[in-house]
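Here the structure is laid out as structure tokens; the discussion comes afterwards.
Proteins come first, then strands; the chains are lettered A, B, ... in the order of their sequence lines, and each starts at number 1.
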Amino acid sequence: MYLFQIIAIIGSVALFAFVIDFIRRGLLKEKYSVLWIASALVIMALSVKKGLLDGIAGLLGIAYPPSLLFLVAFIFILLINLHFSVVISILHEKNKTLVQELTLLRNALKEAGVDLSGKAEKKGPGNG
Amino acid sequence: MKNKLLIIIPAFNEEATIAGVIASIRRHMPAADIVVVNDGSRDRTAERASSGGAVVLSHLYNMGIGATMQTGYKYARSKGYSIAVQVDADGQHPADQIERLVKPVLEGKADIVVGSRFLGEGDYRPSIARSAGMAIFSKLVSIIIKEKVTDTTSGFRAAGKNCIDYFASRYPDDYPEVEALVLLHKKGFSIMEVPVSMAERAGGRSSITPMRSVYYMVKVLLAIMVDLMKKN
């Protein structure tokens, strides 16, 4: 076993352990951990099975098989980043709607004579 | 039913000019209601607007011009206004010209009316860089909507009921003016320009810095292309 394999195995096992621990402690939602876990497992498999790494590298015409590990890691990082950009965009849209609704709601409360501490200053129409 | 007119003023740190703008609108358009959408200003914009007699809607924090305009349109929709006019808080859009924008909407000639600085009124002279950018936008938008548009970046606009409803559900995020026109055209709304003269801003600074203007161009061009490809 080469040193690079040992380093890659340690690295991917550590990544796997961190991700599982983050989920366990509630710091990471399962939904956002899938790509991380997949990348840890794939890198782990490629570094344990030298034959697999060499085989795929040969198939792709990569002369130096360990650089396939970099390629795989790079692709995963790219996917994870793209995923985050999508998630952020969705959150942005939801955040916008939330702020707008809150803004209108606060105005409606003000019109109804309710101040923001929640106490009614004067009774609005239809207030039984 | 009587046509209810709402003036929407988006404002971010405009304490120097907001009161004057509101006073001028109240003088020229006494029947109109005024709503100031305060986009998380850190100065006294909200107080000035409120004591000037406008309804003030304050965002919890700064959300950008697109979200701010849309809050105004959502308010207009929920209150059942039939016409909404966008007026800048910096004093660029003279209140005595609002009537010109409103009239074609009232007469049913257009769903949205844009006040253009390039139809002979006033003497607006943008910098070379800015006029080049504006020329590109107006060429592009004119081609897309198959109708001549001279001032696509003008934020001085009057929107009819159906436009209000549409903008309340969908409005571009940042630098929204150009993109909004393309969206409206795609939805089949009719767009019309009327000549207006605009004043120099009475205070504050343009949000468009040289660095941002590059982003502005790229963002708007990209947004237009993507809008044309989107299904709905």
Side chain, backbone, both or neither: which part of V56(B) has a heavy atom under 4.5 Å from chain A?
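It is the backbone, since no side chain atom gets that close.
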
Check each atom of Y73(B) against the heavy atoms of chain A and say whether the ones under 4.5 Å are side chain, backbone, both or neither.
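Nothing of Y73(B), per the 4.5 Å heavy-atom cut-off to chain A.
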
Chain B contacts: which residues in residues 69-99 of chain A have a non-hydrogen atom closer than 4.5 Å to it?
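Within residues 69-99 of chain A, near chain B: H92(A), E93(A), N95(A), K96(A), T97(A), V99(A).
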
For residues 39-63 of chain A, give me every residue with a non-hydrogen atom less than 4.5 Å from any non-hydrogen atom of chain B.
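Listed by number: none.
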
Residues M63(B), Q100(A); criterion side-chain contact (heavy atoms from CB on, under 4.5 Å); working and verdict:
CA-CA 9 Å; M63(B) 296 286 293; Q100(A) 290 174 329; 5.9 Å; no

Looking at [X], I'd like to know if its [atom1] atom is crowded, meaning that more than 12 non-hydrogen atoms belonging to other residues, nucleotides or ligands lie closer than 6.0 Å.
X: M211(B); atom1: CE; result: no
X: R44(B); atom1: CZ; result: no
X: F4(A); atom1: CZ; result: yes

Rounded at 0.5 Å granularity, tell me how far OG in S50(B) sits from NZ in K110(A).
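Here the interatomic distance stands at 5.0 Å.
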
Given N107(A), which partner from the list V35(B), T71(B), V55(B) fulfils the side-chain contact (heavy atoms from CB on, under 4.5 Å) test?
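It is V55(B), the one option of V35(B), T71(B), V55(B) that forms the side-chain contact (heavy atoms from CB on, under 4.5 Å) with N107(A).
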
side-chain hydrogen bond (donor to acceptor under 3.5 Å, both in side chains): which pairs involve residues 7-23 of chain A, sequence neighbours left out?
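Found D21(A)-R24(A), D21(A)-R25(A).
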
Salt bridge (Lys or Arg N to Asp or Glu O under 4.0 Å) partners of D165(B), counting only residues at least two apart:
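K161(B).
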
